[in-house]
Protein chains: 2
Amino acid sequence: MSGSLHYKKHDKNYVAIDSIIFGFDDGKLKLLLIKRNFPPCKGQWSLMGGFVGEKESLDKAAYRILEQLTGLKEVYLEQLYAYGDINRDTEARVISVAYYALIKIDDYDSELGKKHGASWFAIDELPPLIFDHKIMVQKAMRRLRRKTIIQPVGFELLPEKFTLPQLQKLYEAIHQKEMDKRNFRKRMLSIGVINKLNEKDKNSSKRGAYLYEFDKEKYDYLATNGNLFDFV
Amino acid sequence: MSGSLHYKKHDKNYVAIDSIIFGFDDGKLKLLLIKRNFPPCKGQWSLMGGFVGEKESLDKAAYRILEQLTGLKEVYLEQLYAYGDINRDTEARVISVAYYALIKIDDYDSELGKKHGASWFAIDELPPLIFDHKIMVQKAMRRLRRKTIIQPVGFELLPEKFTLPQLQKLYEAIHQKEMDKRNFRKRMLSIGVINKLNEKDKNSSKRGAYLYEFDKEKYDYLATNGNLFDFV
DNA sequence: GCATTTAGCGTTATTTTTACACTTTATTTT
DNA sequence: AAAATAAAGTGTAAAAATAACGCTAAATGC
């Protein structure tokens, strides 16, 4: 297969993956970054990345790299954009396909993270990043914002059980603006993909807020039967 | 630069561009396809494509390839998605970054097109396409639909001067549904980026319809001053 | 039992979107 | 020259979606 009869004359390029890994904790949207312990730019902050093997699809590579750092397999992962400027990497010509991931921060394997020199940064307190990684992050933020308008991906960032105030804080963090409590609830409940549980979470208030869970079946049903976001 | 001290151990891959080239003619949205005169899949219909050189950015490669086929340089061109399945190309492992272009079909150099065995197909009468090109086209359609909702890219597909009925037909072709004349006009005019001219086009009616032109300056002004689509 | 803190709830005004039908204009036909 | 034709152009009202707004309820800590 790799014997390319007709393609031989063409160039090959290094192709890499870079992952923008979102988490939500302490009312803040965060990114998981690594401190590079290899050149170039050793010691600087960077997105998690890696090279795409010749026998590996882009998606597979993206999952592999994400798992390397977080230990997580079943996460929301979506391709963002391919970056191909000639000098974007200072070491060699590398085309990077950026992916963004939404993870439940509690599930994240922090031991693995430590090995890679990883740590979480609030989205509005990021350190300087290598290469074009800042641009990638900005694009990921815009994408995530648009995405949460048309699909309920926000749940990917919360624990299985969450409260409405939590969900609202997440949306506020993503859209960087405050929202009205009543309108937010109305909209969320009217979509009909979260179920109220008979438990309360009392961590953030004396009274305690009801826990909800995302109903994937209802979501799939609505999505396939065209009642949900049928303008997309 | 290509001496990659630390990257040497990693694989390199063929990286290609494939272009979904949209045009609008005869009230129909069309795609420019080529009949491949080289293996693999010689003789079958395909998107225009080409390989990315080692000293060439993705965007540059996309423009180069587009110009090769159409003779056009200043066109709307946007990256769509990177396709990286291991066996998507039957000849070798090739990662393809798809771009979509919007061109004014009158400006297109049909002589160049002939050389490449190119011809236009209505979007709902496409022939079978090689590899994963059909999937690319579907994604491009979805992207174009969403794009026209939030940015006035439609003008890229029309001549400099166009009538409102023409513009409406274009939008109807893109969204594959009929629209109300009065509402369509109201919305378009209220955006404030088209100017009425003192000429009429009499090709498609006895009475003749007023010609309009897109006002790029007004658009840029509105876009940067936040009155246009400020939810994006 | 009083103070504190966050959860939870309903209504009205505003804006946006949709639905809908007749007149105007120039050409072609008779 | 009059009549028929064909697409262009115009306004208003109903419906739906969104935005604005303040008070009560529940549980804990003092």
Novice: Suppose the criterion is salt bridge (Lys or Arg N to Asp or Glu O under 4.0 Å): which pairs have a residue in residues 58-80 of chain A, not counting sequence neighbours?
Specialist: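 For residues 58-80 of chain A, and leaving out neighbouring residues, the salt bridge (Lys or Arg N to Asp or Glu O under 4.0 Å) pairs sorted by first residue read A:Glu56-A:Arg64, A:Glu78-A:Arg143, A:Glu78-A:Lys147.
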Novice: Decide yes or no, distance alone: a donor-acceptor N/O pair under 3.5 angstrom between the base of C:dT17 and the side-chain of B:Lys186.
Specialist: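 Not at all, since no donor on one side and acceptor on the other fall under 3.5 Å apart.
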Novice: Kindly assign one of parallel, tilted or perpendicular to the pair A:Trp45 and A:Phe121, based on the angle between their ring planes and the thresholds 30° and 60°.
Specialist: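 Aromatic pair A:Trp45/A:Phe121 classed perpendicular.
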Novice: Report yes or no: does A:Gln168 contribute a side-chain atom to a donor-acceptor pair with the main-chain N or O of A:Met179 at less than 3.5 Å?
Specialist: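 Pair found, side chain donor or acceptor close to backbone of A:Met179.
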Novice: Quick one: salt bridge (Lys or Arg N to Asp or Glu O under 4.0 Å) pairs with a partner in residues 127-136 of chain B, sequence neighbours left out?
Specialist: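 Sorted pair list: B:Arg88-B:Asp132.
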Novice: In whole angstroms, how far is the P atom of C:dT17 from the CZ atom of B:Arg182?
Specialist: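 Rounded to whole Å, this separation is 17 Å.
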Novice: Please work out which of the three classes, parallel, tilted or perpendicular, describes the rings of B:Phe131 and B:His133, given edges at 30° and 60°.
Specialist: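 Correct class here is perpendicular.
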Novice: Which of residues 170-179 of chain A sit near DNA chain C, with a heavy atom under 4.0 Å from it?
Specialist: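 None, since no heavy atom is under 4.0 Å.
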Novice: Please verify the inter-ring angle class for B:Phe155 with B:Phe214; under 30° counts as parallel, over 60° as perpendicular, anything in between as tilted.
Specialist: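 Ring orientation, 0 to 90° scale: parallel.
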Novice: Report the C-alpha separation of B:Lys169 and B:Glu172 in whole Å, then their side-chain angles, then the decisive distance to 0.1 Å, and conclude whether the salt bridge (charged side-chain N to carboxylate O under 4.0 Å, His left out) test is met.
Specialist: CA-CA 5 Å; B:Lys169 279 195 196 87; B:Glu172 288 177 338; over 6 Å; no
Novice: Between which nucleotides of DNA chain D, 5' to 3', does chain A make heavy-atom contacts below 4.0 Å?
Specialist: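 Range of nucleotides touched by chain A: D:dA19 to D:dT28.
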Novice: Once you apply the 3.5 Å cut-off to both distances, tell me the Watson-Crick or G-U wobble partner of C:dT30, or none.
Specialist: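 When the pairing criteria are applied, D:dA1 turns out to be the nucleotide that pairs with C:dT30.
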Novice: Would you say the ring centers of A:Tyr212 and A:Tyr210 fall short of 6.0 Å from each other?
Specialist: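 No, they do not, as the ring centres are separated by 6.0 Å or more.
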Novice: Rounded off to whole Å, could you give me the CG-to-P distance for the B:Asp180 and C:dC20 pair?
Specialist: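 It works out to 9 Å between those atoms.
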Novice: Using the 3.5 Å cut-off, write out each protein N or O paired with an N or O of nucleotides 1-8 of chain C and the distance between them.
Specialist:
unit_1	atom_1	unit_2	atom_2	d
C:dT4	O2	A:Lys206	NZ	3.2
C:dT5	O4'	A:Lys206	NZ	3.4
C:dA7	N3	A:Arg207	NH1	2.4
C:dG8	OP1	A:Tyr210	N	2.9
C:dG8	OP2	A:Arg185	NH2	2.5
C:dG8	N7	A:Lys181	NZ	3.2
C:dG8	O6	A:Lys181	NZ	2.8

Novice: Can you tell which of B:Leu32, B:Ile123, B:Ile103 makes a side chain to side chain contact (heavy atoms under 4.5 Å, CB included) with B:Phe22?
Specialist: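 So, applying the side chain to side chain contact (heavy atoms under 4.5 Å, CB included) to B:Phe22 and each of B:Leu32, B:Ile123, B:Ile103, only B:Ile123 qualifies.
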Novice: Can you tell me which residue pairs pass the salt bridge (Lys or Arg N to Asp or Glu O under 4.0 Å) test with a partner in residues 151-167 of chain B, sequence neighbours excluded?
Specialist: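 Only B:Lys161-B:Glu199 qualify under salt bridge (Lys or Arg N to Asp or Glu O under 4.0 Å).
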